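As structure tokens, the structure follows; a few thoughts come after it.
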Amino acid sequence: MAKVVILTGAGISAESGIRTFRASDGLWEEHRIMDVATPEGFARDPALVHRFYNARRAAARAAQPNPAHLALAELEADPGHEVLVVTQNVDDLHERAGSQNVIHMHGSLFGALCHACDHRWPAPEAMQPQDTCPGCGRKATRPDIVWFNEMPYQMDRIIRELEAADLFVSIGTSGNVYPAAGFVQDAAMCGVETLELNLDRSAGSEMFDTSRQGPASVLVPQWVRERLGSR
Ligand code: APR
């Protein structure tokens, strides 16, 4: 049984029509990170932040999984592989493709969180500042998204799984945002083989044992076919 930990980023959903962050037409060209992706930005202008994530939630709902998401679900279904997908993405395309073992380390567009009492519930289609928390009744609802200066979810489990893996694969991420950008070094220090599949060379390409460049919808199914053929 090969234990594979897979980190995914915005690049795996790009061919499903979901915009990445750091491309020349990426989300961070149009929006200032400090305005829409920090607790301070939310405190300053919650209506703006809700509008931003409401639009992204609508875009995610309209998108469909692509062959890269589907191939990862196929690998997970194979009895010879134990697969954990750790995604930085806040869409639900891995789940809709059939992946079951998924950690959303940066949260999810489909969750709501009360910043007064930490209660969590499914996000409505559109969230607004006047929405009340079903737990405590306060007007303190926010998207369940991990913003800059906040701690990603399930880090202890992720590091544990990474250190026990046979193979770490990073797909469609620019390697700019920590702690995810450091997973390749964590894995390498434990002797775990590392592979990168990305459209172009990323900030961390040098650190991988192997780095392949190309679109995820081609590279990921190709790599999964190699794995399944190699049993
Ligand atoms: N196939 C494979 N890779 C692709 C494709 C594609 N079709 N299209 C783009 N890419 C690659 C780009 O070359 C880039 O290296 O995906 C990467 C996307 O990088 P970013 O936009 O920086 O996205 P990501 O790495 O997921 O960002 C990390 O930053 O703003 C935060 O919280 C946000 O989770 C996000 C985090």
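Numbers here are sequence positions counted from 1. None of these values were measured; they are calculated from a predicted model. Remember, it's 1-based here, ligands and their atoms both numbered in the order they're listed. Keep in mind that the numbers below use all heavy atoms, side chains included, and drop hydrogens, waters and symmetry copies.
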Within the 3.5 Å criterion, strictly below it, is a donor on Thr194 or Glu196 matched to an acceptor on the partner's side chain? no
Show me the donor-acceptor pairs, under 3.5 Å and distance only, between side chains in residues 163-179 and residues at least two apart or in other chains.
unit_1, atom_1, unit_2, atom_2, d
Asp166, OD2, Lys3, N, 2.7
Thr173, OG1, Gln88, NE2, 2.9
Ser174, OG, Asn176, ND2, 2.9

Co-membership, hydrophobic cluster, residues Leu72 and Val4, 4.5 Å side-chain: yes
If you group Ile, Leu, Val, Met, Phe, Trp and Tyr whenever their side-chain heavy atoms sit less than 4.5 Å apart, what else falls in with Leu93? Ile18
Identify, chain by chain and in numerical order, each protein residue with a heavy atom under 4.0 Å from an atom of ligand 1. Gly9, Ala10, Gly11, Ala14, Glu15, Thr20, Phe21, Arg22, Trp28, Gln88, His106, Phe148, Gly172, Thr173, Ser174, Val177, Asn198, Leu199, Asp200, Gly214, Pro215, Ala216
Partners of Asp131 by salt bridge (charged side-chain N to carboxylate O under 4.0 Å, His left out), sequence neighbours excluded? none
Salt bridge (Lys or Arg N to Asp or Glu O under 4.0 Å) for Asp91 and Arg56? Distances and angles first, verdict last. CA-CA 9 Å; Asp91 64 51; Arg56 297 189 54 211; over 6 Å; no
